[in-house]
Amino acid sequence: QVQLVDTGGGLVQAGGSLRLSCAVSGRTFGNYAMGWFRQAPGQEREFVAAISWSTGNRAYVDSVKGRFTISRDNAKNTVYLQMNSLKPEDTAVYSCAAKFGFFHYSDYSQYNAWGQGTQVTVSS
C-alpha cells in the first residue's frame, strides 16, 4: 500500500513561488503515475499536473503551463511541484495522488492513494 505525505504549502503574494513536496512510502512500482490536484472552496477538484515515475513523461493543465513544473527524485521517493508566478486563482488545497499507469492521468477517480493536502494561498 502506498502512503503519501504532501507538504510545502503556505501564504505567498501574487508573483511569488512555492515548492510542494510529496513523500512516497510503502509498496510502489516503477509504472506508477503521480499527480497533483487542487480544490478551491466551492469548486470541483481540478487536475494540475502528473508525471510518470518510470519514464518521466509529464502533463499539465493549460492554466499552469509555463508556470508550474512537476518533477520526481527517485532516490528520495519524492515528487515535487514547483509553482512560479503564482496568481490568486491558484489558491486551493493541493493534494498529491498515486495510480498505476500514466493513462487517464487527469481523472482523479483513477487514483487510489492520496496525500492529506496542503493549503496554498496567494494574496493579490
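Sorted by first and then second residue, the ring pair (Phe, Tyr, Trp, His ring centres under 6.0 Å) pairs involving residues 104-124 (not counting sequence neighbours) are Phe37-Tyr111, Phe37-Trp114, Phe47-Tyr105, Phe102-Tyr105. Applying the disulfide bond (SG atoms under 2.5 Å apart) rule to pairs touching residues 41-78 yields nothing, sequence neighbours excluded. Counting only residues at least two apart or in different chains, side-chain hydrogen bond (donor to acceptor under 3.5 Å, both in side chains) contacts with residues 91-101 comprise Arg38-Tyr94. For residues 30-62, the set of pairs meeting the disulfide bond (SG atoms under 2.5 Å apart) definition, not counting sequence neighbours, is empty. Residues in residues 53-113 take part in these disulfide bond (SG atoms under 2.5 Å apart) pairs, two or more places apart or across chains: Cys22-Cys96.
With values rounded to the nearest 0.5 angstrom, Phe68 atom CZ is found 9.0 Å from Ser85 atom OG. Separating the CZ atom in Arg19 from the OG1 atom in Thr69 is a distance of 11.5 Å, to the nearest 0.5 Å. Distance check: Met34 CE to Leu81 CG gives 11.5 Å after rounding to the nearest 0.5 Å.
Partners of Arg67 according to the salt bridge (charged side-chain N to carboxylate O under 4.0 Å, His left out) rule, which considers only residues two or more places apart in sequence or in another chain, are Asp90. Take Asn57 and apply the side-chain hydrogen bond (donor to acceptor under 3.5 Å, both in side chains) test, not counting sequence neighbours, and it matches Thr55. Not counting sequence neighbours, the partners of Glu89 by the side chain to side chain contact (heavy atoms under 4.5 Å, CB included) test are Lys87. Evaluation of the salt bridge (charged side-chain N to carboxylate O under 4.0 Å, His left out) rule for Asp62 yields Lys65 as partners, not counting sequence neighbours. Legend: residues meeting side-chain hydrogen bond (donor to acceptor under 3.5 Å, both in side chains) with Thr121, ordered by chain and number and at least two apart, are Gln119. Listed by chain and number, the residues in a side-chain hydrogen bond (donor to acceptor under 3.5 Å, both in side chains) with Ser123 amount to none (sequence neighbours excluded). Partners of Gln110 according to the side-chain hydrogen bond (donor to acceptor under 3.5 Å, both in side chains) rule, which considers only residues two or more places apart in sequence or in another chain, do not exist here.
Residues Ile70 and Phe100 share a single hydrophobic cluster, defined by chaining ILVMFWY side chains whose heavy atoms lie under 4.5 Å apart. Linking ILVMFWY residues whenever their side-chain heavy atoms come closer than 4.5 Å, directly or via other members, places Val48 and Leu18 in the same cluster. When hydrophobic clusters are built by joining Ile, Leu, Val, Met, Phe, Trp and Tyr residues whose side-chain heavy atoms come closer than 4.5 Å, directly or via intermediates, Leu86 is grouped together with Val64. Cluster annotation: Val120 is not connected to Val93 through the hydrophobic network of ILVMFWY side chains, with a link wherever side-chain heavy atoms come within less than 4.5 Å. Cluster annotation: Tyr80 and Tyr60 are assigned to distinct hydrophobic clusters (Ile/Leu/Val/Met/Phe/Trp/Tyr, side-chain heavy-atom contacts under 4.5 Å, transitive).
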Apply the test side-chain contact (heavy atoms from CB on, under 4.5 Å) to residues Leu20 and Thr118: give CA-CA distance (whole Å), side-chain angles for both, the deciding distance (0.1 Å), then the verdict.
CA-CA 8 Å; Leu20 306 183; Thr118 184; 4.0 Å; yes
side-chain contact (heavy atoms from CB on, under 4.5 Å), that's the test. Do Val61 and Glu46 meet it? Break it down for me.
CA-CA 9 Å; Val61 67; Glu46 178 188 33; 4.2 Å; yes
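Across all their heavy atoms, Ala92 and Ala40 have their closest contact at CB-N, 3.8 Å. Scanning both residues, Gln82 and Ser17, for their nearest heavy atoms gives NE2-CB, 4.0 Å. Summarising the geometry of Gln43 relative to Gln39, their closest heavy-atom pair is O-NE2, 3.1 Å, with the distance given to 0.1 Å. Counting all heavy atoms, side chain and backbone alike, Thr78 lies closest to Trp53 at N-CH2, 3.9 Å. In terms of heavy-atom proximity, Asp6 sits nearest to Gln116 at O-NE2, 2.8 Å.
Counting heavy atoms from C-beta outward, Trp36 and Ile51 have side chains that stay 4.5 Å or more apart.
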